[in-house]
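Encoded as structure tokens, the structure appears first; notes follow it.
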Protein chains: 2
Amino acid sequence: MTARTPTDAVRDIPEATVARLPVYLRALTALGDQGITTCSSEALATAAGVNSAKLRKDLSYLGSYGTRGVGYDVDYLRYQIAREIGVTQDWPVVIVGIGNLGHALANFSGFRSRGFRVVALLDADQALHEQQVAGIVVRPFDDLEQIVRENDVAIGVISVPAFAAQDVADRMVAAGISSILNFAPTVLSVPPGVDVRKVDLSIELQILAYHEQRKAHGEPV
Amino acid sequence: MTARTPTDAVRDIPEATVARLPVYLRALTALGDQGITTCSSEALATAAGVNSAKLRKDLSYLGSYGTRGVGYDVDYLRYQIAREIGVTQDWPVVIVGIGNLGHALANFSGFRSRGFRVVALLDADQALHEQQVAGIVVRPFDDLEQIVRENDVAIGVISVPAFAAQDVADRMVAAGISSILNFAPTVLSVPPGVDVRKVDLSIELQILAYHEQRKAHGEPV
DNA sequence: TAGATTGTTAATCGATTAACAATC
DNA sequence: TAGATTGTTAATCGATTAACAATC
């Protein structure tokens, strides 16, 4: 292992940019699927739903992967972004909580192509054990530690009811998971160094309702 | 209807604050359920997972609903936030696409208590019609316009595959829906005045992967 | 060379934070 | 009154945007 010199220090990519890189990655994949091999920042920005100034600024944090006067090579830029995000190889993922939502997540077909691989489905409910969901056998929640160890799992998905989510998170952290995607409508507390992102239906709907309410009261749009 | 004077002009609440109001609402509900009637900004901030300076700043956009030296009345603040968001009454919602995810959404029990009411489940697949999901009969997608008209629906949820999402969005907009929650992994284009929020599993996981990758390379946390 | 488009700069805008005066 | 806690100010930080020099 070589020492890191100032020159190859990890570039500090702004969080807002990090959140958009996956969107660009998807847009590039879509363009590639259409047989498009080169695109301008304007075209890619449109496909990604942002403006081109923002796109170019975002890409500038990664390096100079375009050609002035020409644009970007779709496949090349796609690879560079995938490498920056870290999805050129698959990340093993465990899903805990195989209710309606867990089912939907397990059946989500895009995992593999987008850099993830579901290595286990876990649920505390014995009635579910040995059942297959999306071709994977549901196992007891207590198998968590073993699965994390054997598969080097760093990312966990929580789709249990709110009351159980903190316990699941604690067990995940104890087992060595350091990134959690939480679908339970509750605030998780985790130690420093563990990342939590949440996906919350009610919150999204309420944000829409706020704006909808204002529209209804006659403001110009 | 009285004219709006400069004094009662609609306050302009920053978008970042709007996105946190639902979190505060939920935290207040949880505190109330625990029998807590008064709380400080510090206590509420902890329950909501933010720092207290941000919480107080956020609340200041709504008005002065606390008491210096004392804190906030939980029920009173809860009501004021609910009123500001616009969820003191229920918003009618339609869900289009009753696959795995649509099932999970339809079965989500928190709709009613959080300001929403599912008035219809729609799917283009005839095989699903007349089936009941979460006690609601699945109807043909072509019933959309009628349902929106009869129930005054302003908010639509899209849980169809990516390739069908733009069509669904177009039909929703044409029918008069002006707020869309999109679970399909695709960029929707909609006319000005229509709000779209997206929930995207792959994007969330990729954001986690980016940070996870950096942790793995030995940066201090 | 002329036209096109990137990558970067600098200005602007919005969000966060700490500190504290106001006030219960 | 003394202690506690809000609501607001002002400084800082980060994100967005437009414009354009660099360069294919």
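In what follows, every chain begins at residue 1, and chains take the letters A, B, ... in the order their sequences are listed. The structure displayed is predicted, hence computed values, not measured ones.
A donor atom on one side chain and an acceptor atom on the other are found under 3.5 Å apart for B:Glu212 and A:Ser178.
Under 4.0 angstrom from either OP1 or OP2 of C:dG7 there lies at least one side-chain N or O belonging to A:Tyr72. Using a 4.0 Å cut-off, no side-chain N or O of A:Ser41 falls inside it from OP1 or OP2 of C:dT5.
The two residues A:Ala134 and A:Asn107 come nearest to each other via the heavy atoms CB-OD1, 3.5 Å.
Atom CG of B:Leu77 is separated from atom C1' of D:dT5 by 14 Å (rounded to the nearest Å).
Taking the side chain of B:Glu15 as heavy atoms from C-beta on, and the options D:dG7, C:dT6, C:dA15, the nearest nucleotide is C:dA15. With D:dT6, D:dA15, C:dT6 as the choices, the nucleotide that has an atom nearest any side-chain atom of B:Arg68 turns out to be D:dT6.
Checked by atom type and distance alone, the side chain of B:Trp91 pairs as donor or acceptor with a backbone atom of B:Gly86 at under 3.5 Å.
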Practice item. Quick one: do A:Val157 and A:Val96 satisfy side chain to side chain contact (heavy atoms under 4.5 Å, CB included)? Show the steps, please. Key: CA-CA 6 Å; A:Val157 176; A:Val96 177; over 6 Å; no

Review point. What's the verdict on side chain to side chain contact (heavy atoms under 4.5 Å, CB included) for A:Arg114 and A:Arg26, showing C-alpha distance, side-chain angles and the deciding distance?
Key: CA-CA 9 Å; A:Arg114 289 178 178 120; A:Arg26 175 175 296 155; 3.9 Å; yes

Between N or O atoms, less than 3.5 Å apart, protein on one side and nucleotides 16-19 of chain C on the other: list the pairs.
| from | atom 1 | to | atom 2 | distance (Å) |
| --- | --- | --- | --- | --- |
| C:dT16 | OP1 | B:Arg20 | NH1 | 3.1 |
| C:dT16 | OP2 | B:Arg20 | NH1 | 3.2 |
| C:dT16 | OP2 | B:Arg20 | NH2 | 2.7 |
| C:dT17 | OP2 | B:Asn51 | ND2 | 2.9 |

Practice item. Give DNA chain C the dot-bracket treatment, 5' to 3': Watson-Crick (N1-N3 with N6-O4 or O6-N4) or G-U (N1-O2, O6-N3) under 3.5 Å, [ ] crossing, | other strand. Key: ..||||||||||||||||||||||

